[in-house]
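We name chains A, B, ... by the order of the sequence lines, and we start the count at 1 in each one. Just so you know, these numbers use all the heavy atoms, side chains as well, and skip hydrogens, waters and symmetry mates.
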Amino acid sequence: MRRTIIAHLDLDEFYVAVERIKDPSLKNKPVVVGGSQTGRGVVSSASYEARKYGIHSAMPMYQAMKLCPHLIRVGGKFREYSKYSSSVFNIVQEYSEFVERTSIDEGYIDLTDSVIKLKRTAIQLAEEIKRRIDKDVGLSVSFGIGSNKMMAKIASKHAKPNGILEILSNKEESFLKPMNVGIIPGVGPKTKERLNNLGITSIGELRGLSEKELTSRFGIHGEGLYKRARGIASSKLNSKRERKSISNERTFNVNIQTPAGLIPTITRISMRICEQMKEKEILARSVSLKLRYENFETITRTKTLSKASRNVGVVKSLVEQMIHYNFIPGRSIRLVGVRVSNFEPENIQTELNFMR
DNA sequence: TCTGGGGTCCTAGGACCC
DNA sequence: TCTGGGGTCCTAGGACCC
């Protein structure tokens, strides 16, 4: 049986890199993309120069400015970034029919067949894709190559920035052993803390726990932990991922005290969401409201329609209804969000209408 | 001036149906 | 003396990812 070869591609400081194409004077400077420093904005992407000051994504902007007073901040042009991302993945798709785009700046490529068809090693293919992305799009990318998605992803993280790293099957164990458990995809702050409380910080130490012990402590998640600690993970790519939801939310610079104060924002948000559904030619059956109170407590409420819709009036009135039932007098609101899900393609609807 | 915004997946419980 | 049970749909919350 042939060895499966998965590559993980990760664009380097993606948003900042796009901004630098548009404005080369931003090169070699501490730059962040993110929200305003006067409000409640945070950093979305930080250049390597900015990271030297301890700035990282999700950091409040005012804090980033404090760490580096001459930091250059640029607003996020997400539609623009999305176009650059598509250009990158168009190139990638020339090298394999199995490509899974997992986010705007990341994806997996199954190179198992490609190395035979194109008569090149995985590293040679990665080098070539890298050169093409640099030359045709002007972006820097890092590659990780391994026998499954997890190994490829961990490898790309170690290849950053602007590198390629392949983990051969016989090196997996020694590569993983000294790593922090937090590097395992799916192990976030909560799971990491629980493991730390058991005295486990490295993957090598995690391997000391039996599968039985892990499942008794972590339930179904435990089996996955046991396997991933040993480099065992899925190598199946989902090249036809479909969007499951569309959402839009806004954090206010000043908390809102009354339901009426939320209306202009939910109107705007509902309109934007319905526009996006129109572009994608889909209709939604479920509409959700998200409210975050001043103490950060967050609730969500969902209503499902019997007939799918993307009518702004329908979406907005459902959201208003849910606000009406869930607004607690005396508690101010820092965020409001709307989400639609449970999609149906538009053409099914027209067919049904036609048959009626 | 603590804590964005866009997503996915999973769990658990209740309603409902046969 | 009380407890069926499997399947599906819906809702709410939480963990996680970039």
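- A sub-4.0 Å separation between OP1 or OP2 of C:dA12 and a side-chain N or O of A:R301 is present.
- Side-chain rings of A:Y15 and A:F78 approach one another, their centers coming within less than 6.0 Å.
- Taking only side-chain nitrogens and oxygens, A:K157 never comes nearer than 4.0 Å to OP1 or OP2 of C:dC17.
- Between A:S103 and the phosphate of B:dG6, there is no side-chain N or O to OP1/OP2 separation shorter than 4.0 Å.
- A close approach under 4.0 Å does not occur between any side-chain nitrogen or oxygen of A:R339 and OP1 or OP2 of B:dG7.
- One can place CZ of A:R292 at 15 Å from P of B:dC2, the figure rounded to the nearest angstrom.
- Taking only side-chain nitrogens and oxygens, A:R334 comes nearer than 4.0 Å to OP1 or OP2 of B:dT3.
- Among the atoms of the strands shown, base atoms are found under 4.0 Å from some heavy atom of A:G39.
- C:dG4 and B:dG14 are spaced 15 Å apart, taking the P atom of each and rounding to whole Å.
- Phosphate contact (OP1/OP2 of C:dA12, side-chain N/O of A:T302, threshold under 4.0 Å): present.
- For A:S286, no side-chain nitrogen or oxygen approaches OP1 or OP2 of C:dC10 to under 4.0 Å.
- Note on A:N248: a side-chain N or O is less than 4.0 Å away from OP1 or OP2 of B:dG6.
- Atom CD of A:E242 and atom P of B:dT8 are 11 Å apart (whole Å).
- Going from atom CD of A:E100 over to atom C1' of C:dC18 covers 14 Å, rounded to whole Å.
- For B:dG7, neither phosphate oxygen OP1 nor OP2 lies less than 4.0 angstrom from any side-chain nitrogen or oxygen of A:K244.
- Residue A:T304 places at least one side-chain N or O under 4.0 Å from the OP1 or OP2 atom of C:dT11.
- Among the protein residues, A:G35 comes within range of no part of the nucleic acid, since none of its heavy atoms lies under 4.0 Å from any strand.
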